[in-house]
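What follows is a short report on a single structure.
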2 protein chains.
Amino acid sequence: MLTDADSTAPAVTLELIAREAGVSPSTVSRILNGTAKVSADKRLAVEQTIARFNFQPNAMARSLAKGQTYTIGVLTQFIESPFYGEALRGIEDALRRTAYSPLFVSGHWNLAEEEAKMRLLQGRRVDGVIVLTGRLGDEQLLDYAQRLPIVVTGRQLSGPRLVSVDVDDFHGAREATRHLIELGHTRIAFISGPADHPDANERLRGYRQAHVDAGLALVSELVVPADFMETGGMLAIQQLLESRQNFTAVFAANDQMAYGARLALYRRNLRVPDDISLVGYDDLPNSTYLMPPLTTVRQPVYEIGRLAAQAMLKLIAGEAAEIAAPPLELVVRESTRRVRH
Amino acid sequence: MLTDADSTAPAVTLELIAREAGVSPSTVSRILNGTAKVSADKRLAVEQTIARFNFQPNAMARSLAKGQTYTIGVLTQFIESPFYGEALRGIEDALRRTAYSPLFVSGHWNLAEEEAKMRLLQGRRVDGVIVLTGRLGDEQLLDYAQRLPIVVTGRQLSGPRLVSVDVDDFHGAREATRHLIELGHTRIAFISGPADHPDANERLRGYRQAHVDAGLALVSELVVPADFMETGGMLAIQQLLESRQNFTAVFAANDQMAYGARLALYRRNLRVPDDISLVGYDDLPNSTYLMPPLTTVRQPVYEIGRLAAQAMLKLIAGEAAEIAAPPLELVVRESTRRVRH
DNA sequence: CTGTTAGCGCTTTCAA
DNA sequence: TTGAAAGCGCTAACAG
C-alpha cells in the first residue's frame, strides 16, 4: 500500500479548485485577483475549497500569463554588509503590504559578477532593479533601463526609466573635517578608501577642501590609503605612526576603518579622544557602542533604501519619479575633543 | 515617427531566436540545456543569434515547463542581521556555480510573518527552503517537508525530507562560564536572552551547570533578563549595579548585549577586564574590534549556512543528507582576566 | 456575473 | 539529429 508521502499527490492547481468548487477556472482567477464581481455563493464555495486544499497559486504561471513577476531585483554588494543591510531593510519595509517582493543578489564589488547577477535578474524577469552602488558603468545602467526600470544609488544619473539617489560625500567629509578643525586640530590624518571606489575620492576631496577653506596646509604624508576594512584601518595607523608625522586627529573614510584604527591606537596606548580624536564615516549601527562612541557622518541608508523602493514602485506604475538626496549629518559623539596644547 | 524607446519592441523569445537562426524551438532549447546532440552548424547559428539579440531565456516559462524553479528559499529573521548575514553568505557561496540561486525573505522572529513568508516561497514554487531558526513549530516544519525539502537550523529534528543543524548552546555557555570560573571568578553575572527564545534558555542552563560543576552557589539576583539587543545589555548592567550585588565578571548571552554592557561599564568607570571580566556569545565580526577585543563563544554561522545549502542540494537531488553539528569554540581574547583579590 | 478559448515562453515526448 | 505538437498553471479577452 502506498502511503501519502509515497503516492504522487495530484498537484493542486487552480483548475482543480475550480472543478471541486463547481465553477470555471476563470471564476477562481477572478476571486484570487479581485478582477470582477463574483456571486457570493460561488465565492464562498471557492474560498472553502481553496482553504480545504491549502491552495497556493503558482506564481510562475501567473507571471508568465501576466507578463509581470511582481518582484523587484536588488543588486547589493555583500549580503552580510551591516551598511547595505540597512538599505535592504528599508526596501523590505517599503515593499511590505504591496504586491511586490524583493529578490536580493550580491555583486561583491566585482563588475563581472554584477553583470552576471543583472543577467540572472533579467532571466527571472524582475519588474525592475534597484542597484546599490557597485561598479556598473553609467552607460550600462542606461542601457539596462531601456528594458526595465532602474533605480541606482551612489551616483547621479537619470533617464527615461532610470532614477538615482546620491548623497553628497564631498560635503559630508568636508563637514567632518571642519568639525575637527574647529576643535583646534591642524594635523589631521586621513585614512582613505580604495582609489577606484567612487565614494572614496569624494570623501578625500572633502577632507582636502576643508583644509583649503581653513587655510591649512595639506600634508600628503598624513593621507594614507586603505581598503575600507577594519584591518586597513589598523595598518594605516601603524603606517602613520611609523612615518613619525605628528597628528592629533584621525578621520577614517568609513566606520569600519575607524574601528580598526581605534584598536590600533589602543594597542599603542594612545587614548581616544584624549590623545587622538577619531572620526568615522557611515554611522554603522555599532558605532554608538564603540568606545568611546564614535563621532561620524551619518548616512541615511535605511531611508535611501525606502526611497529607492518607493521610486521603483512609481517607475513600474509608469509614473515619473525622482528622489531627493537625503542629507548627511555629522553625529558628534565622544571620540572627538578640543585639541590639547 | 516612433523612436526605439517608444515602439513596442517584439519580446525576444526562444521562438524568435529559432526563427532567426532557421531552426526549430526545440533545437534552441536543446542547445540551451545541453539536452541532446546538435549539429555544429546549427549550434553556431543559434549561438550567434542568441548573442545578437542578447537573448535571456525566460526563467518563469522554464520553471513552469520543468516543474522546477532552481531557486532555494531562505527564511532568515532580519535581513540586516550581522549574525545571520554570515549564514546567508555561506549559502550564497555554496550555491555559486550551481544552477540554483537563493531567495532571501525575513520573518522578524514573528510566527505570523514567518508563515506568510513560507506561503510566499511556496507560491514562488521554490525547490526547497532553508529555515534559519525562527519560531515555526516542529510539526509545522514537518508538515512543510511533506511538500518540499526543508533544512532548518537551531533545533534537532528530522524526517523524510527534513534535515536540521543545531549547535550545542548548553555546552558553549557552560564552557564560557567555566573559563570565568577557572580565572577565579565566583560571582558571575549573567545577562540572559528573551525567555521565549529557544537558544536563550540553553545558554542559561549552561551557565548554571558550570556553577553546579564547580560547586558554586547560584545567585538568582545575578541573572538578569534582557532582549539580545545592545540596549538590553546596558539596562542589565544598570540593574545589576543598582542591585548592589557584588560581581567580578559578566557573561552576556550574546555579543550584542555584551557591547551594550561594555558601554554601560565604561560609563560607570568600570574597567574591562581590570575591574570586570566580560564574555559574549556568537563572535560577531565586530567582536575582534571591541575594546578590548571580546572573549566570546564562536558560532560557526558561515559554515552552518554552507552546510545547510549543501544538504539542501542533496535533498533536492533526492539523496539522503545530514549535517554534523559544527563545534562551538571559546575564543579567549582580552576582555577576561584572572580575578583580583 | 460566468464560462470558453487562446495564449504567456519554454520543455519534452513522439515521430521522422 | 531535428521538428511538430502538446502541455506546464494561470490570465484575459470575448461571448453570453
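Labels below follow one simple rule: chain letters A, B, ... track the order of the sequence lines, proteins then strands, and each chain is numbered from 1.
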Subject >> Side chain of Pro57(A) - closest among dC10(D), dT2(C), dC8(C) >> reply: dC10(D)

**OP:** Scan side-chain atoms only and decide if Arg124(A) and Thr71(B) contain a donor-acceptor pair under the 3.5 Å cut-off.
**Re:** no

Original post:
Is the distance from OP1 or OP2 of dG3(D) to the nearest side-chain N or O of Lys42(B) less than 4.0 Å?
Top reply: yes

**OP:** Take atom NZ of Lys66(A) and atom P of dC10(D), then tell me their distance rounded to the nearest Å.
**Re:** 14 Å

Original post:
Any side-chain donor paired with an acceptor under 3.5 Å for Thr153(A) and Thr133(A)?
Top reply: yes

Original post:
How close or far is atom P of dG9(C) from atom CZ of Arg125(A), stated in whole angstroms?
Top reply: 8 Å

Original post:
Is any side-chain N or O of Thr13(B) closer than 4.0 Å to OP1 or OP2 of dG9(C)?
Top reply: no

Original post:
Nearest-Å distance, CG (Leu32(A)) to P (dG9(D))?
Top reply: 15 Å

Original post:
Of the nucleotides dT2(C), dG7(C), dG3(C), which has the atom closest to the Ala36(A) side chain?
Top reply: dT2(C)

Subject >> Distance in angstrom units between Asn33(B) CG and dT2(D) C1', rounded >> reply: 16 Å

**OP:** Give a yes or no on this: more than 12 heavy atoms of other residues, nucleotides or ligands lie within 6.0 Å of atom CD of Glu322(A).
**Re:** no

Subject >> dC8(D) phosphate, OP1 or OP2, under 4.0 Å from Asn58(A) side-chain N/O >> reply: no

Subject >> Earlier contact from the 5' end, DNA chain D, for Ser26(A) and Ala61(A) >> reply: Ala61(A)

Original post:
Under 4.5 Å between any side-chain heavy atoms of Ile91(B) and Ile72(B), yes or no?
Top reply: no

Original post:
Expressed in angstrom and rounded to an integer, what is the separation of Gln68(A) atom CD from dC10(D) atom P?
Top reply: 17 Å

Subject >> Ser39(A) side chain near dT2(C) phosphate (N/O to OP1/OP2, under 4.0 Å) >> reply: yes

**OP:** Give the rounded distance in Å between these two atoms: CZ of Arg62(A) and C1' of dG9(D).
**Re:** 12 Å

Original post:
Can you tell me how far C1' of dT11(D) sits from CE of Met60(A), to the nearest Å?
Top reply: 16 Å

Subject >> side-chain N/O Ser29(A) vs dT11(D) OP1/OP2, d < 4.0 Å >> reply: yes

Original post:
To the nearest angstrom, how far is Lys37(B) atom NZ from dG3(D) atom P?
Top reply: 17 Å

**OP:** Please determine if a side-chain N or O atom of Thr27(B) lies less than 4.0 Å away from the OP1 or OP2 oxygen of dT1(D).
**Re:** no

Subject >> Crowding at CD, Glu319(A) (>12 non-hydrogen neighbours, <6.0 Å) >> reply: yes

**OP:** Would you kindly check whether a donor in the side chain of Arg30(B) faces an acceptor in the base of dG3(D), or vice versa, at under 3.5 angstrom?
**Re:** yes

Original post:
When you measure from the side chain of Val38(B), which nucleotide among dG9(C), dT2(D), dC10(C) comes out closest?
Top reply: dT2(D)

